[in-house]
Amino acid sequence: MGTWKKKSSYKNKFSYISQIINSVSSSSLHSFLDSPDNNKSSKKNTSKFLRNPKLWAFFLFSLSVLGILLRLGLCLSPLLQESQLQSSDSSNGSPKSHLGFAYTRSNITQAEISIAKDRSLDRILKKNETFGGESKLVGNGHVWDDKNEFWKQPDGLGYKPCLDFSIEYRRETKKIAREKRKYLMVVVSGGMNQQKNQIVDAVVISRILGAILVVPILQINLIWGDESEFSDIFDLEQFKSVLANDVKIVSMLPASKVMTRPSEDGGMPFQASPQWIRSHYLKRFNKDGVLLLKRFDSRLSKDLPSDLQKLRCKAAFEALKFSPRVLEIGKKLAERMRSKGPYIALHLRLEKDVWVRTGCLSGLSSKYEEIVNIERIKRPELLTAKSSMTSDERKLAGLCPLNAKEVTRLLRALGAPRDARIYWAGGEPLGGKEALKPLTSEFPHLYNKHDIALPLELKPFAKRASIMASIDYIVCKESDVFMASHGGNMGHTIQGHRAYNGHMKIIIPNKRQMLPYFLNTTITETEFTTMIKKLHRQSLGQPELRISKAGRDVTKYPVPECMCNQSNSTI
């Protein structure tokens, strides 16, 4: 209110000065000086004025005051103009998303929006869009807040990607290059991240068999109705060229094999070794020349010879790049998130089916717990956790996703600033906006892809769940800090990808050890924060040796098989 009064008084002074200037115009002064009727009287008045020191002093004083007022008016002019502009902007308002992301589009017409893919429009929007919070110091393409330790990146200990294959591996490559008889076809299923893992395994299996890999077929997802093909999601030419010295890849079977009925696999066992694969599949190649694999998700052993582990990393992190149009939209959204500073990316597993499958309580009202329980009774086969355990026992065992309240407490304890921008990936949470209230109340700058995308940008992918997941993957991978509320394929793959890119910060919730502190109502907030920081000191994205985690995927822990440092020392 005080500010309004101050601006109002400035405006009154400025108006008063304008009236003085307008009243003493050049024409009135000219008529005053040149009027013949007043010549004589003016001379008399002038002589009296010159002989009167009081009038002379008053005249000088008046000129001084007038000069000060004129200077004050000129100084206030830009302030008043700015105030008027701000007032005009605030009265017009800016459209906001349901979570508060605002755009200013005063100069953009409907026709311009309809061509949102055009780069010139992107530049216009970039100038006009607004984002919560103020920008900080910019350096190396990132915006950092040096005062907050939360944004500090882990020490990568000099580890960098190193995919040096053995002489024997390279010698074997020459034989594979001459192969013209054996063709491996694979059908991959599930969501995008699940498909990605299967494609990586298909590359390795093809190498083990010395077969030509036909570009993987993506099974139509019955849940989401996604009919995307390989080239819709991934860059096919990149996939072929990067792996050219490892596996021969063709887009389709040659004409001589099109009519061949492929030998279909009945199912691969878990932890299948290269020896098992060769002994079971090479005979089939000799008979038919074409082998079709299905249902091999997570069946290939995680503990493979060094060269095959390197091939896994090469396929996952270098060959499987997203298609240009998917990469373009993903990068745009990541740039918008970082436009005002560093940002956190969360993969929130709060969907209804997640609560059903894990057998956990969502922490929402009894209404939603009942919905989940009814679904669980209807379809008991969906429950993937140990059915003998109660919901509380599952939670304490670290088998449940963190709900929004627990994610909020964890981030706050680890020092995330209140003004941090947070991107959340994942499906619609059970309970909708209500489920996210604990997060939005503590961290108001919370957005997902629908909040920060422009109109029509996501429209081409509306019925392509795998492409939507790919966009989430890109924004999460590019973030300054990443955290998943519950494991899963996406969280694991991004963890490995961020390590491969230089060990970018990732928070790995130590659920089993931290949850007792969440449930302890007698502990003070200071004690809680101290314990949470202590529990996560070594879970912030530092290099971890996979060899200490037997049976873990190298694409989650790429050290030391796919990454090495100059000293080749261990951690």
Side-chain angles (χ1 to χ4, degrees), residues 187-198 201 217-228 264-271 293-299 346-407 424-436 448 462-469 472-473 484-493 509 511-512 515:
V187 177
V188 300
S189 58
M192 187 278 295
N193 291 287
Q194 207 172 344
Q195 291 171 344
K196 192 175 181 184
N197 291 341
Q198 292 170 64
D201 282 356
I217 300 164
L218 274 54
Q219 184 175 317
I220 295 174
N221 195 303
L222 298 177
I223 298 173
W224 299 294
D226 191 343
E227 298 181 2
S228 299
E264 190 170 339
D265 173 50
M268 188 185 296
F270 286 104
Q271 294 297 318
L293 291 185
K294 295 180 180 178
R295 300 180 297 278
F296 63 100
D297 184 23
S298 299
R299 301 301 178 96
L346 299 177
H347 186 212
L348 298 178
R349 306 301 309 278
L350 304 176
E351 302 94 329
K352 174 183 164 184
D353 68 293
V354 175
W355 296 117
V356 172
R357 284 188 290 105
T358 57
C360 300
L361 296 175
S362 65
L364 299 170
S365 65
S366 57
K367 167 190 169 183
Y368 294 108
E369 303 298 5
E370 184 63 23
I371 290 171
V372 170
N373 194 43
I374 290 171
E375 191 71 22
R376 216 174 276 152
I377 293 169
K378 282 182 183 176
R379 303 181 65 187
E381 72 276 5
L382 293 177
L383 186 63
T384 54
K386 294 178 181 178
S387 56
S388 59
M389 299 173 72
T390 66
S391 297
D392 289 338
E393 287 171 338
R394 294 177 213 272
K395 192 171 191 67
L396 290 173
L399 299 175
C400 294
L402 297 177
N403 59 34
K405 184 177 180 180
E406 291 160 346
V407 168
W424 70 275
E428 182 69 19
L430 175 69
K433 296 178 191 176
E434 192 72 22
L436 296 175
N448 67 9
K463 295 183 179 179
R464 301 295 179 96
S466 291
I467 293 180
M468 289 293 202
D472 276 341
Y473 186 100
S485 65
H486 190 54
N489 291 309
M490 181 168 169
H492 292 169
T493 309
K511 289 188 284 186
R512 189 173 296 179
L515 283 172

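Predicted model only: the values in this text are computed from it and were never measured. No hydrogens, no waters, no symmetry mates; every other heavy atom, side chains included, goes into these values.
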Quiz prompt | Ser362: partners by side-chain hydrogen bond (donor to acceptor under 3.5 Å, both in side chains), with sequence neighbours left out | solution = Glu369

Quiz item: Is a side-chain donor or acceptor of Arg376 paired with a backbone partner of Trp355 at a separation under 3.5 angstrom?
Solution: yes

Quiz item: For Asp297, which residues count as a side-chain hydrogen bond (donor to acceptor under 3.5 Å, both in side chains) partner, sequence neighbours excluded?
Solution: Gln194

Quiz item: Looking at residues at least two apart in the chain, or sitting in another chain, which of them share a salt bridge (Lys or Arg N to Asp or Glu O under 4.0 Å) with Glu434?
Solution: Lys437

Practice problem: Heavy atoms only: give me the nearest Ser391-Gly359 pair and the separation to one decimal. | Solution: OG-O, 3.2 Å

Self-check item: Nearest-0.5 Å distance, CG of residue Leu293 to CD of residue Gln198
Solution: 11.0 Å

Practice problem: Return the set of residues passing side-chain hydrogen bond (donor to acceptor under 3.5 Å, both in side chains) with Asn193 (not counting sequence neighbours), or none when no residue passes. | Solution: none

Quiz item: Who are the side chain to side chain contact (heavy atoms under 4.5 Å, CB included) partners of Glu406, not counting sequence neighbours?
Solution: Lys395, Leu402, Asn403, Leu515, Phe518

Practice problem: Tell me, please, which residues at least two apart from Arg299 pass salt bridge (Lys or Arg N to Asp or Glu O under 4.0 Å). | Solution: none

Quiz item: Closest approach of His486 and Lys511, non-hydrogen atoms and distance?
Solution: ND1-NZ, 2.9 Å

Exercise. Apply side chain to side chain contact (heavy atoms under 4.5 Å, CB included) to Lys352 and list each qualifying residue two or more places apart in sequence or on a separate chain.
Key: Val356, Ile371, Glu375, Leu430

Quiz prompt | salt bridge (Lys or Arg N to Asp or Glu O under 4.0 Å) partners of Lys405, counting only residues at least two apart | solution = none

Quiz item: Does the side chain of Pro401 reach to within under 4.5 Å of the side chain of Thr358, using non-hydrogen atoms?
Solution: yes

Self-check item: Gap between atom OG of Ser366 and atom CG of Leu361 - 0.5 Å precision
Solution: 11.5 Å

Exercise. Identify the two heavy atoms, one from Ala397 and one from Met389, that lie closest to each other, and give their separation to 0.1 Å.
Key: CB-CE, 3.9 Å

Quiz item: Would a distance-only check, ignoring hydrogens and angles, find a side-chain to backbone donor-acceptor pair under 3.5 Å from Ser485 to Arg349?
Solution: yes

Quiz item: What distance separates Lys463 NZ from Glu227 CD, expressed to the nearest 0.5 Å?
Solution: 9.5 Å

Quiz item: About how many Å separate OG of Ser189 and CD1 of Ile217, when rounded to the nearest 0.5 Å?
Solution: 12.5 Å

Quiz prompt | With sequence neighbours excluded, residues passing salt bridge (Lys or Arg N to Asp or Glu O under 4.0 Å) with Asp353 | solution = Arg357

Quiz item: By side-chain hydrogen bond (donor to acceptor under 3.5 Å, both in side chains), which residues pair with Glu428, not counting sequence neighbours?
Solution: none

Practice problem: Sequence neighbours left out, what passes side chain to side chain contact (heavy atoms under 4.5 Å, CB included) with Ala425? Give chain and number order. | Solution: His347, Tyr423, Asp472, Cys476, Met490

Quiz prompt | Set of side chain to side chain contact (heavy atoms under 4.5 Å, CB included) partners for Ser228, sequence neighbours left out | solution = Asp226, Asp232, Ile233, Arg464, Ile467

Quiz item: Looking only at heavy atoms, what is the nearest atom pair of Pro429 and Trp424, with distance?
Solution: CD-CH2, 4.0 Å

